[in-house]
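These notes are about the structure you will find just below.
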Amino acid sequence: MSGAQAQDPRDRGGPAQPLLIVDNLRKHFPVRGGLLNRQVATVQAVDDLSFSVRKGETLGIVGESGCGKSTTARLLMRLVAPDAGSVVFDGDAVAERGGITVNEMRRQMQMVFQDSYSSLNPRMTMAESIAYAPRMHGIGRKEAYDRAEGLLSQVGLNPRQYARRYPHELSGGQRQRVNIARALALEPRLVILDEAVAALDKSVEAQVLNLLADLKEHFNLTYLFISHDLNVVEYMSDRVLVMYLGRVVEIGPVEQIYRKPRHPYTRALFASKPTLDPDRRTTEMPLTGDPPNPINPPSGCRFRTRCAFAQSVCAEKLPVLAAPLDGDTDTDLPHLVACHVPEAQAAMGHAAMGVHHA
Amino acid sequence: MPDIGIAPPAPDEAPMLKVEDLTVRFRRRGSDVAAVNGASFSLRRGETLTILGESGSGKSVSLKALMGLLPDYAETHGKVWLNGQEILGLPAPALAKLRGGAISMIFQEPMAALDPVYTIGEQIAETIVQHENVDRRTAMKRALGLLEQVKIPSPERRLKNFPHEMSGGMRQRAMIALALACSPSVLLADEPTTALDVTVQIQILLLLRQLQEELGMAVVFVTHDVGAAAEISDRISVMYGGRFVESGTTREIMRNPQHPYTQGLLSSTVHGGMRGRKLETIPGTPPNLAHLPPGCAFAPRCRYAVEACRSEIPVVTSETGAMVRCVRAVETVAA
């Protein structure tokens, strides 16, 4: 994979330079209300988010609804403007002096959304939808439509049959294939998949996941795979980032995160996964209640209100992402955790929480 | 550990819910959709049956048919007994008495199922007043007890909340409280955990399991999620093209699926152990219910399909009561 990456003519910084560096990204949405529509509160959707994506990898992002997964995707695509922070794409800062423009960034970074129907224009045929972006970026009509037909067959849809159809004439799985084809029309290097398979039936979901794996290899892609489905993220990702209320609580290689989770939240999240084994059912609740409201989140560690290990330090100090306190991590692919409490980090597996009784 | 085998057969105990050869057809100008094509099942007290299927398999329509919630142009046939009383085709007032009383239902979207302009307390009390002829104050008190039962924190305050003031998990709990208001003997649950986060989903599944143990109701749980089915059911029936293609205990279905569709559904359910391997998928898409193929509806997607699959499909029943509707299963069971 890395060898193929090095030959990519679009590559600028070489294989060692991360494709995407996100530094202290922040987005707070104002909540307005009252008689004069003044700002009464702030939703801290994404707060000081930093991570990087390596060339050719799949980085999975997991977390409960409202944790800022989708806001992160929208910030990266600049569908919403960040309040602070910077995004660097293969060495070029996005929308900064001396960097690349948002338009140039979008040529290399594309996104697939969850709702396959609402993300397609109902009055455009499949071929028109796919050819739209290339045409907007200055490619001739004939070439753009040829490319659209080629992409349709790449995603497993016969162009003769589907190029002239409208969104309502396709099934959900077929529409999502078209959305993927459209995202690939500008030959991007990074594709953000925001819950791209969440709305599909299981048998169709598996087909689309296989397709994504094939396309990744064929087009030399890097994926940012956002999902609430922990099983799918484990299957797809090389590294995993866990978010809670707008902040990163843990990041690391997929085996480390799933086999030896260090943050109490990560452990509770994984323990909530249905077991698929009728003889080892879940008997205790890993977490109680819903995630707290991101309007005025708890001070210090945001998870402390639901954490069994919480101490006074957790309320006073914001934990930063760092190597686990027992130092067990890889320097090349670091496993980082944002937690103050050594016992919380050391607790192993689900057994430590008394969750599973085989 | 919860017992998940078939409850020991008690011949004297009549089933709480018995459905025989249920068919639902939507016939309107120019279209004829056969949504349910002969579904039969029965449920004892305290038992949970999961109807597992993908979208368009007819699972939700079956539940709505039981509750009499389908539009006028739906043609429903078959027989449904609730506690020995035949309920399909009852006149509207009699049906209204049953709904929310002896049989009640929870839905995927509590925001759409609850009334946005009444508080949770008012909605629960209303149901109790309608069914049991008690005064509002008593009903309100019962509502408070119900909110406690579904483990809503600070229930006195929540009683006065409108649905939009609650989180998704809380709303789902409130809807369960509403469904339990008149101690139903049968609870129909239509994808109640699908829209929830995993952390909340497991809480709701555990709550349903516990409530069922306390109240002894029979539960029909409809889902497309194999994981949720494995967590909650005693028995699983797999639906495809409006028919049950396989039924058995949770263990039988999860460990040793017989029907090619069930096998495909389980092998395309992703888990971490599959990393690095290509997923085995079922080719094609589910059938169009307006043009079902003759014989086995799964045959066009089935890799084991033979000529005999295009004619009437035999039902193979094993000694344990497991059922599979497949030509090829006859060979495997006989072998």
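Note that the structure is a prediction, hence the values are computed from the model and not measured. The figures here come from the full heavy-atom set of this structure, side chains too, leaving out hydrogens, waters and symmetry mates. Labels below follow one simple rule: chain letters A, B, ... track the order of the sequence lines, proteins then strands, and each chain is numbered from 1.
- Salt-bridge annotation for A:Lys69 and A:Asp194: absent, with no side-chain N of the basic residue lying under 4.0 Å from a carboxylate O of the acidic one.
- Your options are A:Asn231, A:Val204, A:Asn210, and the one with the most heavy-atom pairs under 4.5 Å with chain B is A:Asn210.
- Remark: side-chain polar atoms of B:Asp197 are paired, donor with acceptor, to backbone N or O of A:Ser65 under 3.5 angstrom.
- Among B:Thr199, B:Thr269, B:Leu205, B:Ile282, the residue with the largest count of heavy-atom pairs under 4.5 Å with chain A is B:Thr199.
- Looking at heavy atoms from C-beta onward, B:Lys151 lies out of side-chain contact with B:Gln203 at the 4.5 angstrom threshold.
- Contacts of B:Pro283 with chain A are made by backbone atoms alone, with heavy-atom separations under 4.5 Å and no side-chain atom involved.
- Aromatic ring pairs are classed by plane angle as parallel below 30°, tilted from 30° to 60° and perpendicular above 60°; the pair A:Tyr265 and A:His263 is perpendicular.
- Heavy atoms closer than 4.5 Å to chain B are found in the side chain of A:Ser171, but not in its backbone.
- Looking at A:Asp229, neither its backbone nor its side chain comes within 4.5 Å of chain B, counting heavy atoms on both sides.
- Top candidate by heavy-atom pairs under 4.5 Å with chain A, chosen from B:Met254, B:Met170, B:Glu280, is B:Met254.
- Between chain A and the residues B:Met274, B:His224, B:Lys278, the largest count of heavy-atom pairs under 4.5 Å involves B:Lys278.
- Geometrically, B:Arg301 does not engage B:Phe298 in a cation-pi contact, judged by NZ or CZ lying under 6.0 Å from the ring centre and within 45° of the ring axis.
- Interface remark: B:Gln201 contributes side-chain atoms only to the contact with chain A (heavy atom separation under 4.5 Å).
- Contacts of A:Glu205 with chain B are made by side-chain atoms alone, with heavy-atom separations under 4.5 Å and no backbone atom involved.
- A donor-acceptor contact shorter than 3.5 Å links the side chain of B:Gln263 to the backbone of B:Pro257.
- Contact count against chain A (heavy-atom pairs under 4.5 Å) is highest for B:Gly284 among B:Gly276, B:Gly273, B:Gly284.
- Using bins of under 30°, 30° to 60° and over 60° for the plane-to-plane angle, the ring pair B:His259/B:Tyr261 lands in the perpendicular bin.
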